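Structure incoming, see below.
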There are 2 protein chains.
Amino acid sequence: MGSGKTTSFDIAQAAGVSQATVSRALRNSPLVNVETRQKVKRIARELNYRVDRSAAGLRSQRSNTLALLIFEDPTTDDSQINPFFLSLLGNATRFAARRGYDVLVSFQQLSDDWLYEYEAANRADGIILLGYGDYGKISDKLRRLHDDGGHFVIWGATTPELEGHAIGCRNRNGGEIITRHLLALGRRRIAFIGGASDDCPEFKQRFEGYCAALENEGVWVRDELRVDAENQETSGFQAMDRLLESGAQFDAVLGASDLIAIGAMKRMRKAGLSIPEDVSVAGFDDIPAASYFTPSLTTMRQDTRAAAEALVDNLLAMIDGQPGQSQLLPMELVVRGSCGGRDRG
Amino acid sequence: MGSGKTTSFDIAQAAGVSQATVSRALRNSPLVNVETRQKVKRIARELNYRVDRSAAGLRSQRSNTLALLIFEDPTTDDSQINPFFLSLLGNATRFAARRGYDVLVSFQQLSDDWLYEYEAANRADGIILLGYGDYGKISDKLRRLHDDGGHFVIWGATTPELEGHAIGCRNRNGGEIITRHLLALGRRRIAFIGGASDDCPEFKQRFEGYCAALENEGVWVRDELRVDAENQETSGFQAMDRLLESGAQFDAVLGASDLIAIGAMKRMRKAGLSIPEDVSVAGFDDIPAASYFTPSLTTMRQDTRAAAEALVDNLLAMIDGQPGQSQLLPMELVVRGSCGGRDRG
DNA sequence: CTGAAAGCGCTTACAG
DNA sequence: CTGAAAGCGCTTACAG
């Protein structure tokens, strides 16, 4: 390439205009004459010129980059990333690219200081936070982030303090729909596996929907049929362990997530229980494994395309100076083989 | 935060040193007195100062960022990203972070011009390319990339032209191992599903290993038992469609990837064939679905942690000015239920 | 070991 | 519509 890097000055010289005009032309400024713009663009293309992102970022104090942070439990096996977040990642990356933004991906521990790490360092203009099951531990940090005017959106944690930042699904409604589905199949002793504390608002809301559906049908909500679990297969397996050991009778299991439901099914299979003959099972998320598992898992799907679009759009609006606007997306019942009744395994 | 952004000049003033010393201290330069360094770091921490990445990148002409590009067939459904690459992505991101590099993720079409898009634009110091099944279409571009001195590593395409850039598995050896496993179970008419052309060197090498194992046992390699397929479930399904229609007899199926094997199993199930009783099935990769599927799939595992580490290390070496060094990683046989014999479904 | 100074390649008021 | 000039916040020779 001869003597060093091609810069906007090289393009300017070749086009016979000033460097400022090159900059304007390449950014489609309406200030530039159409013919001038086309000439500049043509020459830039011929010389394979690209605007230096660092220089542009320094001058404009904009990185044109979003950081997508996935929070992991440090105790978890490295390779086991929640597939639902992976799907969100793929779609968020695509939507961001369509809007001219790069996406920086990082797997974080809860202890890190993302606002400063990313925004203050001009590495990213805004942050997308993924990772449920830990809201209790980070809520203080999120509030400080909010107070400092940080640009961030978070998936799932639709709590009042995060109004404007949170995008999630109508978890309560989803819990009602799927519980009604189980009730309609004649199930009455429906176990719920998943934490119902404020630490994980999504699971809590799903549980509330479950309760509402039961009460609406005049079915008692039994304490012994709710077992804590985190959003992991092994946690669902262990929770079912405890449920079986307790001796509580149940004819259906609603997992607070697909991973939990699958873990519970593995434990039930080990106990010799038939699904769906003895026990109907359902979950939430519709991760790929839900359809691969046998029996295939009935679940409440979260639309990761819509979710990713809402996250990116809301974040870009905030970066643009507009107020954030929280959004709740609908969930969709996907009937497969794990519940029995009108469908098959 | 008062009057604008905190810069290295603010730290310098607070610490009573020059701005240059702040820069040196924060980058752990041995030129700086230990006490001075500690003082500077303490003050930087107290003021929540972060080095501006754009400014540092502009000055040093290093972005400290790697681009991880995943190539997708534009015809593919958006949401279906190859899970093997997703696993590679997660591990590569972690290794890069450990070495102080950010990772920019992008899903690309084959037609784009990454060298210029990323390296010339100073968005990334090097590129990790993932995506098999399309090597034939991009080999020219890769050679140009190489000739231009681009910093890139590519997964899988271990061909002579890409010596130094490619990291992959010992696909030929893997093909031999798994074919021997099928032979040891008494299978003799083993179908191979997957392209065997230069377009996908990985599949081709797996096929060569398959042929070597058969020949070694004195078993004929039959043309009618090899069917083309791309690395997708639907493609495996359709390939099995054609194989069944051809009327060729087979007692085992080796998919060139797990996705292909799973697609083929779905088609066989539809045809009423029992796995593993009628037909043994095996694949490559060990994606999560391989263990969720029923019967669980016997496969040759590719270690995504080792692969990610090799990719990142090799790329960083190239960025450092050292020559790249290709590497072939071993594959590991994972016996599950889909082959029958000594294991169960 | 430290500081003063130059300069990386842009964007964006400012002036015309 | 265009250009000359300033300056974003660093890193890195250069000089001491």
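These figures come from a predicted structure and were not determined experimentally. A, B, ... follow the sequence lines: proteins, then strands. Residue 1 opens every chain.
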Nearest-neighbour nucleotide for the A:Val17 side chain, D:dT11, D:dT2, D:dG3 considered: D:dG3
B:His146 and B:His165 aromatic ring geometry - parallel, tilted or perpendicular at 30°/60° bounds: perpendicular
Between C1' of C:dC10 and CZ of A:Arg50, the distance in whole Å: 17 Å
Verdict with reasoning, A:Leu130 to A:Leu69, per side chain to side chain contact (heavy atoms under 4.5 Å, CB included): CA-CA 6 Å; A:Leu130 303 182; A:Leu69 309 186; over 6 Å; no
Protein-nucleotide distance (B:Leu58, atom CG; D:dT11, atom P), rounded to Å: 11 Å
Nearest-neighbour nucleotide for the B:Ala56 side chain, D:dC10, D:dC8, C:dC1 considered: D:dC10
First encountered from the 5' end of DNA chain C, between A:Asp52 and B:Ala20: B:Ala20
Polar side chain donor-acceptor pair, B:Asn91 to B:Thr304, under 3.5 angstrom: yes
N or O in side chain of B:Ser18 less than 4.0 angstrom from C:dA4 OP1/OP2: no
Closest nucleotide among C:dT11, C:dA13, D:dT12 to the A:Val51 side chain: C:dT11
Salt-bridge present (B:Glu309, B:Arg305; N to O < 4.0 Å): no
Any B:Ser8 side-chain N or O less than 4.0 Å from OP1/OP2 of D:dC10: yes
Sugar-phosphate, base or nothing in reach of A:Thr36, heavy atoms under 4.0 Å: sugar-phosphate
A:Glu35 bridged to A:Lys39 by N-O distance under 4.0 Å: no
Integer-rounded Å distance: D:dA13 P and B:Gln61 CD: 13 Å
Sugar-phosphate, base or nothing in reach of B:Thr7, heavy atoms under 4.0 Å: sugar-phosphate
DNA chain C: stems of at least 3 consecutive Watson-Crick or G-U pairs whose donor-acceptor distances fall under 3.5 Å: C:1-3 with D:14-16, C:5-12 with D:5-12, C:14-16 with D:1-3
salt_bridge(A:Lys5, A:Asp10) N-O dist < 4.0 Å: no
Length of the CG-P vector between A:Leu26 and C:dT12, whole Å: 13 Å
Whole-Å distance separating the CZ atom of A:Phe9 from the C1' atom of C:dG7: 12 Å
D:dG9 phosphate, OP1 or OP2, under 4.0 Å from B:Tyr49 side-chain N/O: no
Length of the line joining A:Asn122:CG and C:dT11:P, which is rounded to integer Å: 14 Å
Carboxylate-amine/guanidinium contact B:Asp102 B:Arg53, below 4.0 Å: yes
Integer-rounded Å distance: D:dG7 C1' and A:Gln19 CD: 13 Å
Distance-only donor-acceptor test (3.5 Å): side chain A:Arg59, base D:dG9: no
Heavy-atom side-chain contact between B:Arg24 and B:Val40 under 4.5 Å: no
Nearest listed nucleotide, side chain of B:Arg27, among D:dT12, C:dT2, C:dT11: D:dT12
Selected nucleotide, minimal atom distance to A:Ala55 side chain, candidates D:dG9, D:dT11, C:dG9: C:dG9
Distance, rounded to the nearest Å, where A:Leu31 contributes CG and D:dA4 contributes P: 17 Å
